[in-house]
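The structure appears right after this line, and notes come after that.
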Number of protein chains: 2
Amino acid sequence: MPPRTRHPRRRIDGLSPERIVDAAVEILDAEGEDGLTFRRLADLLVTGPGAIYHHVANKGELLVAATETILASATTVANVDGLREEDAVKTVALAVFDAIDAHPWVGAQLANPLQPAMVRLFESIGRQVRALGVPEAALFTSTSALTNYILGVGGLNAANARAAENTNRTELLVSVSAAWANLDPDEYPFTRDVAKQMREHDDRTQFLDGIDLILAGIGALGRRP
Amino acid sequence: MPPRTRHPRRRIDGLSPERIVDAAVEILDAEGEDGLTFRRLADLLVTGPGAIYHHVANKGELLVAATETILASATTVANVDGLREEDAVKTVALAVFDAIDAHPWVGAQLANPLQPAMVRLFESIGRQVRALGVPEAALFTSTSALTNYILGVGGLNAANARAAENTNRTELLVSVSAAWANLDPDEYPFTRDVAKQMREHDDRTQFLDGIDLILAGIGALGRRP
DNA sequence: ACCTGAACACCGTTCAAGT
DNA sequence: ACCTGAACACCGTTCAAGT
């Protein structure tokens, strides 16, 4: 009998952009950014590396398409009505955070200005910010502040996942916290003091607290126009 | 007579980590992240690629060291006394922003958790945040929010520089603004409306306004503990 | 039209051989 | 001890040759 593989029914018919992107996401999730190569992808799709170029222009486009499949739902979720604007912002932000948490390589893609997901995120947040009654002149700044914060957290998460490829996340937090606690007390008094909070904090709560902080700032601006 | 080169006096004596890192910064500034290879670096230093490994462990360490030379002064500048805490935060943030503006490849390095410059930035900002009288429980969140925002802006600047390798910055802003203005009015009403602000905004002012927003949020938290 | 896989022009890194 | 540069084990991408 034929050996059972993890992908018994691949290639019953031809390649397609969708099939290629799905395989890319599978590799990215399992092996990280460095694991995605056209040779590895061709192996998984039971073909040669050249075949992929008939459906995808290059690696950059493949990464954009892969990011799209992960963030498509997250960046449009705020259209749910009946929420306070602040809660709608938090809902989108958290959806993006959770998507990056489950697929850390997405975090590194957010900085790509060709990434449609970033425009959708900007749009989703911007609408809520406008609905909050923020003055016209402060709309761009307010939306940018929220978007840049989300991008920054995403970038860090992606980098942390890269650094902790073989350990798990809490182990990494413990080791970073330990490193901070051992810093020179004269040069790094603040970071040392805060090392414990770093170890004990919940990433998700912490992320939301940051969003709240920026929303509070936006509220303060709105009140003195 | 011998031909004049751009580096007539290189290699009068041996290699050193400093010389290697300086050459790396020179290449990074002139040709961007992709331009830095060990072969290119060896050419500039009039040696072979293997020689570099006697002074630098690998490419990652080289990038960390290169980032250090650019951010060393920026991340410690806040020790200037006599400033309001808010102004001290803005001074450090702006120093980092200007460093990234002058050396866009630095922006992509900020997410690296092994980057000592990030710890120094966190420390510098954290001290000022503590001096602002922020409650102990909110110190980590407040400092993280500011740091993540700076990291996010840095990541975007790095990506924009990569995307605009052959055009200049204002040209890029114009083309992004045009792309935004042409988005589907039903799907992207907010982004379309804001496209003009995107084109006309001053990056530096915009960045500082975002810092002000987060500082306002921190102030609001402090007032209701 | 779609696929194949060898080939091209690169990488980062190693290491025997030189001085 | 330091340097050299060929060699190794890869990349992304192209393209003649096949179906």
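Because the structure is a prediction, the values reported are computed rather than measured.
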Check whether the ring centres of B/Phe122 and A/Phe190 lie less than 6.0 Å apart, and answer yes or no. yes
Atom CD1 of B/Ile52 and atom P of D/dA6: how far apart are they, to the nearest Å? 15 Å
For atom CG of A/Asn58 and atom C1' of C/dC10, their distance in whole Å: 17 Å
Upstream residue (5' side of DNA chain C) when B/Gly50 and A/Ser16 are each assigned their closest nucleotide: A/Ser16
Identify whether the distance between the nearest side-chain nitrogen and carboxylate oxygen of A/Arg204 and A/Asp101 falls below 4.0 Å. no
For B/Ile20 and D/dC2, what is the distance between atoms CD1 and C1' respectively, to the nearest whole Å? 11 Å
What's the closest nucleotide to the side chain of B/Tyr53 if the choices are D/dC3, C/dC3, C/dT14? C/dT14
Would you indicate which nucleotide in C/dT13, D/dC3, C/dA7 comes nearest to any side-chain atom of B/His55? D/dC3
Okay, side chain of B/Ser124, backbone of B/Leu121: is any donor-acceptor separation there less than 3.5 Å? no
If only atom types and distance count, is the side chain of A/Glu61 paired as donor or acceptor with the main-chain N or O of A/Val56 below 3.5 Å? no
Do the side chain of A/Tyr149 and the main chain of A/Phe207 share a donor and acceptor less than 3.5 angstrom apart? yes
Within the 4.0 Å heavy-atom criterion, would you say A/Leu36 contacts the bases, only the backbone, or no part of the nucleic acid? sugar-phosphate
To the nearest angstrom, how far is A/Asp34 atom CG from D/dG12 atom C1'? 14 Å
All heavy atoms of A/Val96 vs all of A/Ala74, minimum pair found to be N-CB, 4.1 Å
Rounded distance (Å) that lies between atom C1' of C/dG5 and atom CG of A/Asp43: 12 Å
Side chain of A/Pro49 only, please: which of C/dG5, C/dA7, C/dT13 is the nearest? C/dG5
A/Glu68 side chain vs A/Ala117 backbone, donor-acceptor pair below 3.5 Å: yes
For A/His54 and for A/Phe38, locate the closest nucleotide of DNA chain D by heavy-atom distance; then report the residue assigned to the nucleotide nearer the 5' terminus. A/Phe38
If you check the A/Thr37 side chain, which of D/dA6, D/dT13, D/dC11 turns out closest? D/dC11
Atom-pair distance (CG on B/Leu45; P on D/dC2), nearest Å: 16 Å
Strand DNA chain C as a dot-bracket string - pairs counted if Watson-Crick or G-U with both distances under 3.5 Å, | where the partner lies in another strand: ||.|||||...|||||.||
B/Lys59 NZ to C/dT13 C1', in whole Å, measures 12 Å
To the nearest Å, how far apart are B/Leu41 CG and D/dC3 P? 13 Å
